[in-house]
2 protein chains.
Amino acid sequence: MAEPTANEGQSLTRNQGAVLSALKGADKPLTAYDILGLPKIRKAGLKAPLTIYRALDKLMDQGLVHRIESLNAFVHCDHGPHDHATGFLICSDCGRTLEVHLDDCEDHLAGRAREQGFAVDAVKVEMTGRCPDCAAAEAARSRTS
Amino acid sequence: MAEPTANEGQSLTRNQGAVLSALKGADKPLTAYDILGLPKIRKAGLKAPLTIYRALDKLMDQGLVHRIESLNAFVHCDHGPHDHATGFLICSDCGRTLEVHLDDCEDHLAGRAREQGFAVDAVKVEMTGRCPDCAAAEAARSRTS
DNA sequence: CGGATAATGTTATTATATAACGTTTAAGGC
DNA sequence: GCCTTAAACGTTATATAATAACATTATCCG
Ligand SMILES: [Zn+2]
Ligand SMILES: [Zn+2]
Ligand SMILES: [Zn+2]
Ligand SMILES: [Zn+2]
């Protein structure tokens, strides 16, 4: 149960550290209100939605947290801060997500935008489906139908 | 100001037609509440959020409307129904969007997912930046600084 | 017609996010 | 240290987005 380590300890405030720690401890994305409801968070003294959102904003600025648009939820970035496009695989069964690198594809996508005269700031890719575990479970269910 | 035409007239209900017509008449994505506030919509007798959401759900089922996750808004599909991934360029200045085809890139993205054992159902790409008009306006502003 | 299915109407409620404003804390210059 | 300033925080209220629950009506098919 490491408290804020290495690069995080440098510039994170108490609230930011608490929120980041909550996301690290979760096995899937959490909404702001999910975070707000965690006992650890309440005990740390965070008790208003705005407090959570403010911490999340700063964490996203620093690239430590990503927002999953299609879930209105937030997840810790396990890739270390990066500037390339964020890509997520989202399991519609269990809600878990997996972040993937898109270095190469990003160029292709941004190129498509430039063709249209668009100046791209950020690229977000979200793919919905079933994770390996849930796909296996589903296959098992259909065999025993 | 054509009322529901061609393929739409076939299976759209009154509410669905009204909502689709509203989206077609807009020059950018509209939220459900934006739609609800339109005089044409009120006059057509639609007056509850749920009415709008139900119509939008059906329109999305039919591929006539897309949801822009990062705006919580909806936009008419001007590509005709399609099964490939949806990609959107979103102007953070004026709010307008442009739909782009991603046929080729989709395979690449889905392949990246399969590497991870993920079974992909849907791919969504949203790119934020500035549209040609707004980029030009910004350039003009900076010259006259 | 009669029965099933899909769509709608209505009200209330839940979920997500921000506004406004004052106070406290942290950081840096002198 | 002390002053200045900017950032972060606390608190309350409010705005925005989406769904639940349940009764009613339209549509389709045999
Ligand atoms: Zn990341
Ligand atoms: Zn899963
Ligand atoms: Zn489309
Ligand atoms: Zn623009």
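In what follows, chains are A, B, ... by sequence order, proteins preceding strands, each numbered from 1. These values consider heavy atoms only, across backbone and side chains, with no hydrogens, waters or symmetry-generated copies.
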OP1 or OP2 of D:dG10 under 4.0 Å from side-chain N/O of A:Lys47: no
A:His82 and A:His84 aromatic ring geometry - parallel, tilted or perpendicular at 30°/60° bounds: parallel
Partner of A:Phe88 under side chain to side chain contact (heavy atoms under 4.5 Å, CB included), chosen from A:Leu102, A:Val75, A:Thr128: A:Val75
Per B:Thr31 side chain, nearest of listed nucleotides C:dT8, D:dA17, D:dA8: D:dA17
Any residue meeting side chain to side chain contact (heavy atoms under 4.5 Å, CB included) with A:Arg54, in chain and number order, not counting sequence neighbours: A:Leu50
Which atom of A:Ile52 lies closest to which atom of A:Ala32, heavy atoms considered: CG2-O, 3.7 Å
Pair B:Ser70-B:Glu126, side-chain donor/acceptor within less than 3.5 Å: yes
Rounded interatomic separation in angstrom, taking CG from A:Leu59 and P from D:dC9: 10 Å
B:Asn15 CG to C:dG9 C1', straight-line distance once rounded to whole Å: 10 Å
Reported CG-to-CE distance for the pair B:Leu98 and B:Met127, which is rounded to 0.5 angstrom: 9.5 Å
Touch class at under 4.0 angstrom, heavy-atom based, for A:Ala32 against every strand present: nothing
Integer-rounded Å distance: D:dA17 P and B:Ile52 CD1: 13 Å
Contact under 4.0 Å: A:Arg67 side-chain N or O vs C:dT16 OP1/OP2: no
Presence of B:Thr13 side-chain N/O under 4.0 Å of D:dA26 phosphate oxygens OP1/OP2: no
For atom CG of A:Leu36 and atom P of C:dT14, their distance in whole Å: 16 Å
Distance in angstrom units between A:Leu12 CG and C:dA27 C1', rounded: 17 Å
Side-chain N or O of A:Asn72 closer than 4.0 Å to phosphate OP1/OP2 of C:dA15: no
Heavy-atom protein contacts under 4.0 Å, nucleotides 18-24 of chain C, coded B base, S sugar-phosphate only, - none: BBB----
Selected nucleotide, minimal atom distance to B:Thr51 side chain, candidates C:dA7, C:dA17, C:dG9: C:dG9
Atom pair distance, as rounded to whole Å: CG in A:Leu71 and P in C:dT16: 10 Å
Integer-rounded Å distance: D:dT16 C1' and B:Leu30 CG: 15 Å
A:Leu89 vs A:Val100, side-chain contact (heavy atoms from CB on, under 4.5 Å): CA-CA, chis, key distance, verdict: CA-CA 7 Å; A:Leu89 305 173; A:Val100 294; 3.9 Å; yes
